[in-house]
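A short worksheet on the structure shown next.
Just so we're on the same page: letters track the sequence lines, and every chain starts at 1. Heavy-atom basis, side chains included; hydrogens, waters and symmetry copies ignored.
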Amino acid sequence: MTAPLFALADCNNFYASCERLFNPALAGRPLIVLSNNDGCVVARSNEAKALGIGMGIPFFQARKLVERHRVAVFSSNYSLYGDISRRVMAVLAGLCPDMEIYSIDEAFLRLDRLPHEPLALAREMRDRVRHWTGIPISIGLAPTKTLAKLANLIAKKSGEGVFQIERPERLHGLLARLPVKEVWGIGRRSAERLQALGIETVEQLRRADPRQIRRHLSVIGERILCELNGTPCLDLEETQSNRQILCSKSFGQRVTTLAPILEAVSNYAARAGERLRRQRLCCGHIHVFLQTGHHDARVYSNALSQGFPTPTSDSRQLIRVAKGLAQRLFLEGYRYQKVGVILMDLAESRRIQDDLFTPRNDNPRLMQALDAINARLGADEVFFAAQGVQRPWRMQSGYRSPRYTTCWNELARVS
DNA sequence: TCTGGGGTCCTAGGACCC
DNA sequence: TCTGGGGTCCTAGGACCC
């Protein structure tokens, strides 16, 4: 058995690159993409990064820079990004089927089971994705996933596009210049704790005492340390079905009355039900939360759960229970920012056992018909009255680009 | 005025059992 | 002053990721 060799392929500035695909006039121009509700900056082109627009900052804080430098601004367009992502992943899988899709814009691949020379294969992947989809990617190669992440970072920074770490001890010069928070799995809190121990760079962490790290950062920290030294602790993960499904969005504006909250929670319950059925799952528990903004003057946040006698995937049941819980959570006198639904205790539908004494109210054929109509004619063509018609509470996305690849009415036009 | 959404994993602590 | 030990299961909360 050969030693593992992982590649991490990561799309450069993915959302920003997607926006440019169908709009060549944006090339070279600074561009940012906003989170849902146009709240925060979640993606930036290189030009926007160079202007000093930070990742994750609230949009209003970036507004001055945006106006002064004519930065192009987009609301997130997940239909577009999801479709482009599928195309990128298909190209990668065509060259190396041993793949784990890690996020919308990243995939881990194992190159050691293929006969090809790894660096040459990585360059081929990069060229082919660029050529076939228009999306630029970078690839890091290394004996562990954690090191492959770092190699990818170096590949991006160097502009090479591909970089391999063969033996971490041979590049201590590079690792000594990288702050420890760049390591996959080391977030803000862990970085602070490490700093208190005098560990500031990746190289210092790599050479740290495993017992000390375990004491302060638990097994996760110890595993990271191991991986940094070239001993793999993580392999590609099988795609497994979700453990929970969460549907939630901020309201377009703060909400003070119960009615729009009930409409919104019904929508999220229906959405969650669709996702549940698409994965052929049922849920045993539903959890509803309601909250004001963290930064609001009067803060309130609460949640309630309820179980089903028999696990279900029927939207009508999900909506009924979700509304009941939301009603109990609601208190007068607050300005609410968000409501959400989480489905838990997920199990495969075909394994559900009926309860002898509780008749089931599910109607799978009705749900199938509902999903089929919406799949064919467009989402939300048929919906429950509880979801509301006008939906004034809906989130804002004032800068959304057309869904070029997933909606007939929004195809790109060439004149 | 305006601060995302969707996930996973680990740990600590309480309830309960023998 | 002293008041068992060992185990399981569940949940809440923290931390992290993109």
Side-chain angles (χ1 to χ4, degrees), chain A residues 8 10-15 32-43 54-64 66 73-78 81-82 85 100-108 145-146 149 152-153 180-194 214-224 233-234 237-254 264 268 271-272 275 279 284-285 287 289 291-297 299 301-305 307 335 337-346 395-399:
Chain A
L8 176 68
D10 186 332
C11 302
N12 302 349
N13 312 328
F14 182 56
Y15 297 169
I32 60 174
V33 179
L34 304 178
S35 63
N36 277 331
N37 233 15
D38 295 340
C40 300
V41 176
V42 293
M55 178 66 179
I57 62 163
F59 180 41
F60 70 88
Q61 282 176 17
R63 213 156 219 149
K64 278 238 166 69
V66 164
V73 177
F74 291 93
S75 306
S76 337
N77 183 347
Y78 287 104
Y81 312 150
S85 170
E100 170 197 341
I101 296 177
Y102 176 68
S103 74
I104 194 166
D105 70 332
E106 280 172 78
F108 285 106
K145 284 174 131 180
T146 305
K149 275 278 208 181
N152 187 283
L153 181 79
V180 78
K181 70 165 193 328
E182 300 289 355
V183 176
W184 187 38
I186 303 291
R188 191 173 50 87
R189 301 307 291 265
S190 302
E192 281 169 12
R193 277 184 212 170
L194 287 173
R214 187 187 179 114
R215 217 169 34 244
H216 289 91
L217 299 185
S218 84
V219 291
I220 300 186
E222 197 182 7
R223 198 158 60 204
I224 291 171
C233 305
L234 306 165
E237 281 178 37
E238 316 275 315
T239 44
Q240 48 180 357
S241 47
N242 295 7
R243 299 172 152 275
Q244 60 174 48
I245 290 175
L246 186 154
C247 270
S248 163
K249 279 189 185 65
S250 303
F251 301 119
Q253 282 103 35
R254 294 287 190 271
Y268 304 148
R271 278 295 324 277
R275 282 160 59 184
Q279 300 185 56
H285 263 89
H287 183 88
F289 61 88
Q291 56 189 233
T292 61
H294 313 296
H295 308 275
D296 290 1
V299 175
S301 167
N302 203 353
L304 283 169
S305 312
R335 300 173 68 240
Q337 181 234 359
K338 182 196 270 192
V339 67
V341 171
I342 306 177
L343 305 184
M344 293 178 301
D345 284 354
L346 306 188
M395 70 166 189
Q396 298 167 350
S397 47
Y399 308 93

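- Residue A/Glu106 is in sugar-phosphate contact alone, with no base atom involved, counting any heavy-atom pair closer than 4.0 Å across all strands shown.
- Here A/Ile245 lies in heavy-atom contact (under 4.0 Å) with sugar-phosphate atoms only.
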Every protein N/O within reach of nucleotides 9-16 of chain B N/O, cut-off under 3.5 Å:
{"from": "B/dC9", "atom 1": "OP2", "to": "A/Arg243", "atom 2": "NE", "distance (Å)": "3.2"}

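- OP1 or OP2 of B/dG5 sits under 4.0 Å from a side-chain N or O of A/Ser250.
- Stacking is found between A/His295 and the pyrimidine-like six-membered ring of the B/dT3 base under the 5.5 Å centre-distance and 30° plane-angle cut-offs.
- A sub-4.0 Å separation between OP1 or OP2 of B/dC2 and a side-chain N or O of A/Gln396 is absent.
- Within the 4.0 angstrom heavy-atom criterion, no nucleotide atom of any strand lies near A/Lys181.
- With sequence neighbours left out, the salt bridge (charged side-chain N to carboxylate O under 4.0 Å, His left out) criterion links A/Arg215 to no other residue.
- For A/Tyr78, the listed nucleotide lying nearest its side chain is B/dG4; candidates were B/dC2, B/dG5, B/dG4.
- The C1' atoms of B/dG4 and C/dC17 are separated by 14 Å, rounded to the nearest whole Å.
- In this view, A/Phe60 satisfies the ring pair (Phe, Tyr, Trp, His ring centres under 6.0 Å) rule with no residue, not counting sequence neighbours.
- By the salt bridge (charged side-chain N to carboxylate O under 4.0 Å, His left out) test, A/Arg189 pairs with A/Glu192, sequence neighbours left out.
- Residue A/Arg254 has a polar side-chain atom (N or O) positioned under 4.0 Å from OP1 or OP2 of B/dT3.
- Distance A/Leu234 CG to C/dC17 C1': 13 Å, rounded to the nearest Å.
- Considering only residues two or more places apart in sequence or on other chains, A/Tyr81 meets the ring pair (Phe, Tyr, Trp, His ring centres under 6.0 Å) condition with A/Tyr15, A/Tyr78.
- With A/Asn36 contributing its side chain and A/Lys249 its backbone, the two residues share no donor-acceptor pair below 3.5 Å.
- Counting to the nearest Å, the C1' atom of B/dT3 and the CG atom of A/Asn37 are 10 Å from each other.
- Under the rule for a salt bridge (charged side-chain N to carboxylate O under 4.0 Å, His left out), A/Arg335 has no partner lying at least two apart in sequence or in another chain.
- Annotation: salt bridge (charged side-chain N to carboxylate O under 4.0 Å, His left out) contacts of A/Asp345 (sequence neighbours excluded): none.
- Under the ring pair (Phe, Tyr, Trp, His ring centres under 6.0 Å) criterion, A/Tyr102 pairs with A/Phe108, A/Trp184, not counting sequence neighbours.
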Exercise. Reading DNA chain C 5' to 3', what string of ( ), [ ], | and . shows its pairs, if Watson-Crick and G-U wobble pairs count only when both distances fall under 3.5 Å?
Worked result: ....||||||||||||||
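- Residue A/Asn242 places at least one side-chain N or O under 4.0 Å from the OP1 or OP2 atom of B/dG7.
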